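What follows is a short report on a single structure.
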Amino acid sequence: MTAQLKRLKIAGVAMIAGLMAASPMMAGGVTIGINARARTICKVEVGAVMLPTFQAGENALGRMTELCNNVDGYRLILLHPAGLEDAFAVVDGVRVPISAAATQTVIVDSTHAAFRERDLGIFLSSTEGNLNLALRAEAKGMIF
């Protein structure tokens, strides 16, 4: 801690202590407000299971942990190859259709900050063999 920061900290504490001591003497009272700004954190992780290849039907991908402190919410986006016909992301048993023409699909669209754990899977209509998938978390609204 620099000497200047230390002096400012001591001066701030002394000012608050002085206001608190003087508050009974003041007829109107004293209001102290403290404001802070936290850095936006928005991330998703999957505790993956080992899959040799993706098979037709539902494939469990593991337990997904999502964390986002943005007050306006967040989106979780599955990045996948184009051309997945009749495929679905499966989030806690709920199927989210994957567009065959797209390379990314929003699988969670939250309107508030949250910390959640959910099961994640993918349903494929045919055997895909090696399939590159990734997840991305995006905060909505202002980011600090």
Side-chain angles (χ1 to χ4, degrees), residues 1-23 28-144:
M1 187 179 310
T2 67
Q4 184 180 11
L5 184 58
K6 200 172 198 177
R7 281 191 296 253
L8 283 172
K9 194 174 187 181
I10 292 169
V13 169
M15 181 181 75
I16 290 172
L19 286 172
M20 291 175 78
S23 65
V30 174
T31 302
I32 297 174
I34 298 175
N35 293 319
R37 183 177 298 163
R39 183 174 71 97
T40 300
I41 298 171
C42 207
K43 65 181 186 172
V44 61
E45 297 174 350
V46 177
V49 295
M50 293 298 294
L51 291 174
T53 58
F54 287 94
Q55 303 296 322
E58 190 165 336
N59 297 269
L61 298 177
R63 192 90 173 134
M64 175 174 64
T65 302
E66 45 192 271
L67 167 67
C68 191
N69 65 350
N70 192 299
V71 70
D72 293 325
Y74 61 98
R75 288 182 193 90
L76 297 183
I77 299 165
L78 176 67
L79 306 173
H80 53 80
L84 294 177
E85 297 289 335
D86 300 319
F88 300 89
V90 183
V91 181
D92 263 355
V94 177
R95 288 184 173 188
V96 180
I98 294 175
S99 171
T103 59
Q104 58 185 19
T105 300
V106 176
I107 61 170
V108 172
D109 192 356
S110 178
T111 58
H112 56 277
F115 171 78
R116 289 184 172 162
E117 289 188 345
R118 308 185 209 210
D119 290 322
L120 179 64
I122 188 165
F123 180 89
L124 302 170
S125 61
S126 62
T127 302
E128 294 295 328
N130 291 331
L131 186 64
N132 291 321
L133 301 172
L135 285 171
R136 183 177 74 226
E138 276 184 6
K140 295 180 184 178
M142 292 182 62
I143 298 173
F144 297 100

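Everything numeric in this text was worked out from a predicted model, so none of it was measured. The first residue in the sequence is number 1, and the count goes up from there.
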Using residues 71-80 as the side-chain source, report each donor-acceptor pair under 3.5 Å to any protein atom, sequence neighbours left out, with the distance given to one decimal.
from, atom 1, to, atom 2, distance (Å)
Tyr74, OH, Glu66, OE1, 2.5
His80, NE2, Thr105, OG1, 2.8

Taking side-chain contact (heavy atoms from CB on, under 4.5 Å) as the test, write out the residues that go with Ser99, two or more places apart. Ala101, Ala102
Between atom CD1 of Ile107 and atom CD1 of Ile98, what is the distance when rounded to the nearest 0.5 Å? 8.5 Å
Kindly indicate, with the supporting measurements, whether the criterion side chain to side chain contact (heavy atoms under 4.5 Å, CB included) is fulfilled by Arg63 and Asp119. CA-CA 5 Å; Arg63 192 90 173 134; Asp119 290 322; 3.1 Å; yes
For Glu45, enumerate each residue passing the salt bridge (charged side-chain N to carboxylate O under 4.0 Å, His left out) test, keeping only those at least two apart in sequence or located in another chain. Lys43
Using side-chain contact (heavy atoms from CB on, under 4.5 Å) as the criterion, point out the one residue from Val90, Val94, Val91 that pairs with Arg118. Val91
Take Leu131 and Asn59 through the test side chain to side chain contact (heavy atoms under 4.5 Å, CB included) and record every step on the way to the result. CA-CA 12 Å; Leu131 186 64; Asn59 297 269; over 6 Å; no
Atom CD1 of Ile122 and atom CZ of Phe54: how far apart are they, to the nearest 0.5 Å? 6.5 Å
Here the gap from Leu120 atom CG to Leu135 atom CG, rounded to the nearest 0.5 Å, amounts to 6.0 Å
Qualifying residues under side-chain contact (heavy atoms from CB on, under 4.5 Å), relative to Ala139, sequence neighbours excluded: Thr40, Cys42, Cys68, Asn70, Ile143
So the side chain to side chain donor-acceptor pair (under 3.5 Å) pairs with at least one residue in residues 86-95 (sequence neighbours excluded) are none
Ignoring hydrogens, what is the shortest heavy-atom contact between Asn69 and Ile41? Give both atom names and the distance. OD1-N, 2.7 Å
Of all the heavy-atom pairs spanning Pro81 and Leu133, show the shortest one and how long it is. CD-CD2, 4.5 Å
Identify, with sequence neighbours excluded, every residue that meets side-chain hydrogen bond (donor to acceptor under 3.5 Å, both in side chains) alongside Asp109. Lys140
Salt bridge (charged side-chain N to carboxylate O under 4.0 Å, His left out) against Glu138, all qualifying residues, sequence neighbours excluded: Arg136
So, do Arg39 and Phe144 sit near enough that their side-chain heavy atoms are less than 4.5 Å apart? no
